[in-house]
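So you know, we letter chains A, B, ... as the sequences are listed, proteins then strands, and number each from 1.
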Number of protein chains: 2
Amino acid sequence: MARPILHNDDVRAQLLEEAAALVAARGVAAVSLRDIAAAAGTSTTAIYSLFGGKQELLTAVVDDGFVSFAASQSEAAPDGLLALGRAYRRWALEHPSLYSLMFTGSLGTYIDCPPTPEVASDAITPLLTAVSGGLAAISSTEPPSAVAGAVWGQVHGLVGLELANAPLPGGTWTQAYETALQGIVRAYFEM
Amino acid sequence: MARPILHNDDVRAQLLEEAAALVAARGVAAVSLRDIAAAAGTSTTAIYSLFGGKQELLTAVVDDGFVSFAASQSEAAPDGLLALGRAYRRWALEHPSLYSLMFTGSLGTYIDCPPTPEVASDAITPLLTAVSGGLAAISSTEPPSAVAGAVWGQVHGLVGLELANAPLPGGTWTQAYETALQGIVRAYFEM
DNA sequence: ATCGTTTCATAACATCGTTATGAAAGCGTT
DNA sequence: AACGCTTTCATAACGATGTTATGAAACGAT
């Protein structure tokens, strides 16, 4: 054989952890492969042999983000749609850089790191399920996918504006968020 | 005196035009100062003497974007809130890269180019005004700023998910957008 | 015509993602 | 035990980027 393998799963896990920590701390634009490798005590070659490149490493970071987000949503699911909406915002505000990287897509970011489709859709499923269940409970005739899209867009958009520090004259985003959640209930879930 | 000034307002305007065109065509991540300067028939020095750097050039591009967006909103304003909402989406889908650069903020982009606050707030004013007027017309007790934030978040979020190519199983974003607009009317503007 | 000043294109620099290179480390054979 | 073969990976090199330094070009004043 040859010299022993150092680029093993432990190094892979540590690279992932350091990459996620640096993204969370400084934003995706400010992290370099050299920084990540140095923080993990290895060289940039490890990133290429274990992930393939920066794009794939960031995709792994994003996938981990979706797993964490999905766990947060699943935990809130039993408490209903409003709880899901509040947990959605709470997770996003706790992970601003990561949320942005996860949901902004290729347009806003300087590198394209799309999530694994299945991982991403799993994270949104609780919200969509709650919407469908709520519509069924009142025998609504609205198409569930359209209402689910509207609700998702509502929470995503408010979180996005808040994270972007968009100015809301005369009010707070917390107020707007609660108003929006109540509005969703009135618009779609009362017969 | 000295040699004549070549970095004049004409060159400035042409740099701005080429920068906007390249952002629209290839996205902000794929445009370099060398490309912009070459397209404008000058050197990168012109960007530094006329704007200050890449960040300020992109801020100028974003400000121009807000002016165009504001014109689109003002044109739709007389036709009411639903028309404003549809014009909002239409402009965003026609200028996806620019919309993303304008509204994503520093988190998603690799360079921070915040708009001039006044220019940005002018662009949103028609929407906020229409919301306030609609609430007053029915003597609603909802705080206008909170409802305005909710409405803004609704249209912004749906546009953002659509631009990010987020999957909406079983439906289209066009359907979801129309459903959301009708939902807003039911939630806030019917007594 | 020459000097001095101003202007700006070119070249240099540090840093980035990525790739090439060559030394290090183990195994099999002698 | 020593050499060779193969595999592995840290270092160095490469092209490109934003930014800054440099020095030539272009004019008015003398």
Visitor: Measure the distance from CD1 on B/I111 to P on D/dG18 and round it to the nearest whole Å.
Guide: 8 Å
Visitor: In this structure, how many angstroms lie between the P atom of C/dT19 and the CD atom of A/Q55, rounded?
Guide: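 So the CD-P distance, A/Q55 to C/dT19, works out to 12 Å.
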Visitor: Taking CD1 from B/I47 and P from D/dT17, how many angstroms apart are they, rounded to a whole number?
Guide: 12 Å
Visitor: Rounded to whole Å, how long is the line connecting atom OH of A/Y48 with atom C1' of D/dA12?
Guide: 15 Å
Visitor: Looking only at the side chains, is there a donor atom on one of B/Y88 and B/Y99 sitting less than 3.5 Å from an acceptor on the other?
Guide: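 Distance-only check passes for B/Y88 and B/Y99.
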Visitor: Round to the nearest Å and state the distance from B/I36 atom CD1 to D/dT19 atom C1'.
Guide: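 B/I36 atom CD1 is separated from D/dT19 atom C1' by 14 Å.
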Visitor: Parallel, tilted or perpendicular: which describes the rings of A/W173 and B/W152, with under 30° parallel and over 60° perpendicular?
Guide: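 Rings of A/W173 and B/W152: tilted, as their planes differ by 30° to 60°.
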Visitor: Please determine, by modelled atom types, if B/T125 and B/T129 share a side-chain donor-acceptor pair under 3.5 angstrom.
Guide: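 Side-chain D/A pair, B/T125 to B/T129: absent.
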Visitor: Which class fits the ring pair A/W91 and A/H95: parallel under 30°, tilted 30 to 60°, perpendicular over 60°?
Guide: parallel
Visitor: Should B/R90 and B/E75 be marked as a salt bridge (Lys or Arg N to Asp or Glu O under 4.0 Å) after you check the CA-CA gap, both sets of side-chain angles, and the distance that decides it?
Guide: CA-CA 13 Å; B/R90 192 180 322 118; B/E75 192 181 359; over 6 Å; no
Visitor: A/F51 CZ to C/dT18 C1': how many Å, rounded?
Guide: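 Going from A/F51 (CZ) to C/dT18 (C1'), I get 17 Å.
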Visitor: For nucleotides 9-16 of chain C, read 5' to 3', which letter fits each nucleotide if B means a protein heavy atom sits under 4.0 Å from the base, S means only the sugar-phosphate is that close, and - means neither?
Guide: BB-B---B
Visitor: Could you tell me how the ring of A/H156 sits relative to the ring of A/F103: parallel (under 30°), tilted (30 to 60°) or perpendicular (over 60°)?
Guide: tilted
Visitor: What is the distance, to the nearest angstrom, from the CD atom on B/E56 to the C1' atom on D/dT19?
Guide: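 In whole Å, D/dT19 C1' lies 12 Å from B/E56 CD.
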